[in-house]
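Notes follow once the structure below has been shown.
The chains referred to below are lettered A, B, ... by the order of the sequence lines, with proteins before strands, and numbering in each begins at 1. Because only heavy atoms are used, hydrogens play no part in the values below, and waters and symmetry mates are left out as well, while side chains stay in.
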Amino acid sequence: MPSEAELIAQRLEKRARLLEHVDPYPARVQRTHTAAAAAAAFAAAGEPDGEGADAIAVFVVGRVTAQRIMGRAAFFDLTDASGRIQLHFRRDVQGDAFELLSLTDLGDFLEVSGALFRTRTGELTVAAGQWRVIAKALRPLPEKWHGIVDVETRTRQRYLDLIANERAREIARKRVAIVGAVRRFFTDHDFMEVETPVLQEHAGGAAARPFVTHHNALDRDLFLRISLELHLKRLLVGGFEKVFEISRVFRNEGVDARHNPEFTLLESYEAYVDYEHVARMVEELLSFVAQEVNGTLQLAREDAETIELSAPFARTTYRGALREHAGFDYRDYPTVDALRALARERDLPVAEGASWATILDGFMSTFVEPRFVQPTFVFDYPTELSPLAKRKVDDDGAVERFELFINGYEIANAYSELNDPVDQRMRMDEQARKAAAGDEEVELIDEDFLIALEHGMPPAGGLGIGIDRLVQLLTGEHSLREVILFPALRERDRGTHGQVRSDPRA
RNA sequence: GGGCCCGUAGCUCAGUGGUAGAGCAGUGGACUUUUAAUCCAUCGGUCCUCGGUUCGAAUCCGAGCGGGCCUACCA
């Protein structure tokens with residue numbers, strides 16, 4: 001009678017019958033070996049016979065992922081985080097307990113004791129003695145061969161993806177390894193890891209719409225941060241010379257394969273260095289992380305050229321890249337109207353009321369960025385696009401900023417940080433004028449930050465790297481949703497994912 | 001936000017106007033070294049939702065919900 005509700009009812013019945021013997025949800029279990037440790041111990045001992053005096057006795061725990069029952073014997077697969085080990089139950093050994101095996105289902109967790117042996121087909125196996133259910137599952141496991149392939153189910157119920165798909169586990173582990181390697185790189189270079197506020201009076205440091213929330217006791221609105229920049233700079237003012245933070249930031253924008261409303265950002269600031277220094281550090285950082293997590297600097301891709309992450313990376317300038325790949329010099333188009341006319345000529349769609357800088361960036365992302373498959377630094381951005389970066393000494397219209405592109409994606413963004421409080425105030429004023437004109441994605445005046453700057457901030461090089469994008473790059477995944485365990489999705493059926501609720505009274 | 005595509009059993013999928021199907025999972029039976037175990041039998045459906053066309057709709061049309069891809073903003 002297996003509709004979903006009936007499958008659950010059957011398992012509830014089995015749970016009730018187990019309860020007559022023993023609690024199927026004990027708080028304490030016994031475990032001497034993981035699946036992998038059992039295999040290692042068995043090999044180290046010279047694969048002793050399971051019935052001899054030198055047999056290796058183990059307690060293993062894990063989830064039942066396969067059952068092959070054949071009359072008076074049964075083979076189960078037991079899976080834990082280290083891998084899989086086979087269990088062999090025999091009627092003549094188990095006695096009455098053998099019948100209780102019918103109360104176990106795929107997905108249940110078991111604790112099993114017994115001696116290790118190798119079957120005649122060569123499979124490492126526990127000759128099961130005492131065993132018990134340590135967690136009874138009420139819902140069926142995904143199909144054993146195809147697993148879960150439905151993208152929506154895989155993201156809404158990521159645990160099913162993790163149970164069924166080795167690739168999902170691999171990505172999750174690699175992400176942890178990447179964040180760990182990045183953190184190690186910075187701490188090894190004497191950077192101090194800090195924590196700055198998520199809830200802020202002003203959401204600054206980037207051009208994006210923020211989330212707004214409300215503090216009841218203080219009775220005022222607060223913003224969720226959109227970047228880490230302005231507080232890390234306050235720490236430079238405070239006298240720390242090398243700081244970094246790896247943390248979530250929040251942007252109230254669209255959701256798609258490349259964007260999630262919350263994502264993980266790395267930012268670092270180092271006093272007394274410029275963006276050239278930061279560029280060399282980024283080369284070193286990416287080489288280090290790739291080597292640590294992938295064991296190679298090459299990123300092989302299907303049907304596409306291999307990406308080489310070895311330093312030095314290619315370099316160009318914003319102006320030079322546009323000249324080369326878009327075929328014009330932006331200095332020849334100094335006004336919005338001129339640039340807009342050019343955009344029309346090139347069939348580049350331009351939003352109503354877009355600024356000069358926005359249109360220019362449109363050229364950049366459409367005609368130039370996709371060309372940078374191999375790691376390429378683009379130096380010296382127009383000042384208008386970069387209100388927090390220091391102007392170039394010999395060129396007022398450009399700032400000391402670079403972005404790093406790999407596989408057509410922006411991976412890193414860095415400046416020689418603007419530390420002239422007068423220039424900073426003027427640039428924020430300029431942004432404020434744009435805001436007044438209706439542009440929602442501009443830097444707003446943060447008076448508290450300006451006051452900090454006015455106390456003196458040392459020259460410094462700053463860096464930002466989107467960790468999710470970096471994970472995408474190093475795993476070769478095409479969608480951000482694959483590298484974020486629980487990406488944002490629309491609400492559906494009040495959290496039941498369209499599934500029936502279990503009802504113990506049914 | 002716009003365009004295109006998709007939604008069928010717990011899972012993976014067939015079915016494109018005429019009685020809703022398969023494999024796995026489940027249930028019952030056979031089977032003491034199997035490993036996608038095998039064999040026999042069997043249960044299981046708001047065909048995403050609502051409305052329309054039709055003698056008749058999973059199938060055609062419309063709207064909605066959810067998802068995917070492309071596109072626009074953003075990282």
message: Strictly below 4.0 Å, N to O, side chains only: are A:Asp92 and A:Arg90 in salt-bridge contact?
response: yes
query: Charged N to carboxylate O under 4.0 angstrom, A:Glu482 versus A:Arg167?
result: no
message: Taking the side chain as everything from C-beta on, heavy atoms only, tell me whether A:Ile359 gets closer than 4.5 Å to A:Arg340.
response: yes
Atom pairs, N/O to N/O, protein against nucleotides 20-24 of chain B, distance under 3.5 Å?
residue	atom	partner	partner atom	Å
B:C24	O3'	A:Lys144	NZ	3.3

Could you work out the separation of [N] and [M] based on their [atom1] atoms and round it to a whole Å?
N: B:C11; M: B:U49; atom1: P; answer: 15 Å
N: B:C55; M: B:U19; atom1: C1'; answer: 16 Å
N: B:C48; M: B:A58; atom1: C1'; answer: 11 Å
N: B:G15; M: B:G56; atom1: P; answer: 26 Å
N: B:A41; M: B:U46; atom1: P; answer: 27 Å
N: B:U38; M: B:C24; atom1: P; answer: 7 Å
N: B:G68; M: B:G29; atom1: P; answer: 44 Å

So what does [X] hit on the nucleic acid, given a heavy-atom distance under 4.0 Å: a base, only sugar-phosphate, or nothing?
X: A:Leu265; answer: nothing
X: A:Asp150; answer: sugar-phosphate
X: A:Glu123; answer: base
X: A:Phe250; answer: nothing
X: A:Glu403; answer: nothing
X: A:Gly71; answer: base
X: A:Gly464; answer: nothing
X: A:Arg481; answer: sugar-phosphate

Strictly by Watson-Crick or wobble contacts shorter than 3.5 Å, is anything paired with [N], and which nucleotide is it?
N: B:C31; result: none
N: B:C73; result: none
N: B:G26; result: B:U42
N: B:G62; result: B:C50
N: B:A36; result: none

field: Donor-acceptor pair under 3.5 Å, A:Arg120 side chain vs B:U33 base
entry: no
message: Using only modelled atom types and a 3.5 angstrom limit, is any donor from either the side chain of A:Gln86 or the base of B:U34 paired with an acceptor on the other?
response: yes
Considering only [options], which nucleotide approaches the side chain of [X] most closely?
X: A:Pro140; options: B:U34, B:G68, B:G10; answer: B:G10
X: A:Phe75; options: B:U33, B:G66, B:C31; answer: B:U33
X: A:Glu6; options: B:G44, B:A75, B:G67; answer: B:G44

Distance-only criterion, 3.5 Å: show the donor-acceptor pairs between side-chain atoms of residues 368-380 of chain A and protein atoms not counting sequence neighbours.
residue	atom	partner	partner atom	Å
A:Gln374	OE1	A:Glu308	N	2.9
A:Gln374	NE2	A:Glu305	OE1	3.0
A:Gln374	NE2	A:Thr306	O	2.8
A:Thr376	OG1	A:Gln374	O	2.8
A:Asp380	OD1	A:Tyr275	OH	2.5
A:Asp380	OD1	A:Lys392	NZ	3.3
A:Asp380	OD2	A:Lys392	NZ	3.1

- request: Please identify each residue that fulfils ring-ring contact (aromatic ring centres under 6.0 Å, His included) with A:Phe223, with sequence neighbours left out.
  value: none
- prompt: Under 3.5 Å, side chain of A:Glu417 to main-chain N/O of A:Gly462, donor-acceptor pair present?
  reply: yes
query: For A:Phe211, what residues pass the side chain to side chain contact (heavy atoms under 4.5 Å, CB included) criterion, not counting sequence neighbours?
result: A:Leu224, A:Phe250, A:Asn252, A:Pro261
- prompt: Toward the 5' end of RNA chain B, which comes first, A:Asp256 or A:Ala488, by nearest nucleotide?
  reply: A:Ala488
query: On RNA chain B, nearest-nucleotide positions of A:Ser479 versus A:Val255: which is more 5'?
result: A:Ser479
Let me have the donor-acceptor pairs involving side chains of residues 403-412 of chain A, under 3.5 Å, with sequence neighbours excluded, atom names and distances please.
residue	atom	partner	partner atom	Å
A:Glu403	OE1	A:Tyr381	OH	3.2
A:Glu403	OE2	A:Arg401	NH2	2.7
A:Asn407	OD1	A:Arg301	NH1	2.6

Pairs flagged by side chain to side chain donor-acceptor pair (under 3.5 Å) wherever residues 108-118 of chain A is involved - sequence neighbours left out: A:Glu47-A:Arg118, A:Asp108-A:Lys136, A:Glu111-A:Arg132
message: Going by the rule salt bridge (charged side-chain N to carboxylate O under 4.0 Å, His left out), which residues pair with A:Glu193 if we only count those two or more places apart in sequence or in a different chain?
response: A:Arg183
message: Checking A:Arg17 now: which residues fulfil salt bridge (charged side-chain N to carboxylate O under 4.0 Å, His left out) with it, not counting sequence neighbours?
response: none
query: So which of residues 91-109 of chain A are in contact with RNA chain B, with a heavy-atom cut-off of under 4.0 Å?
result: A:Asp92, A:Leu106
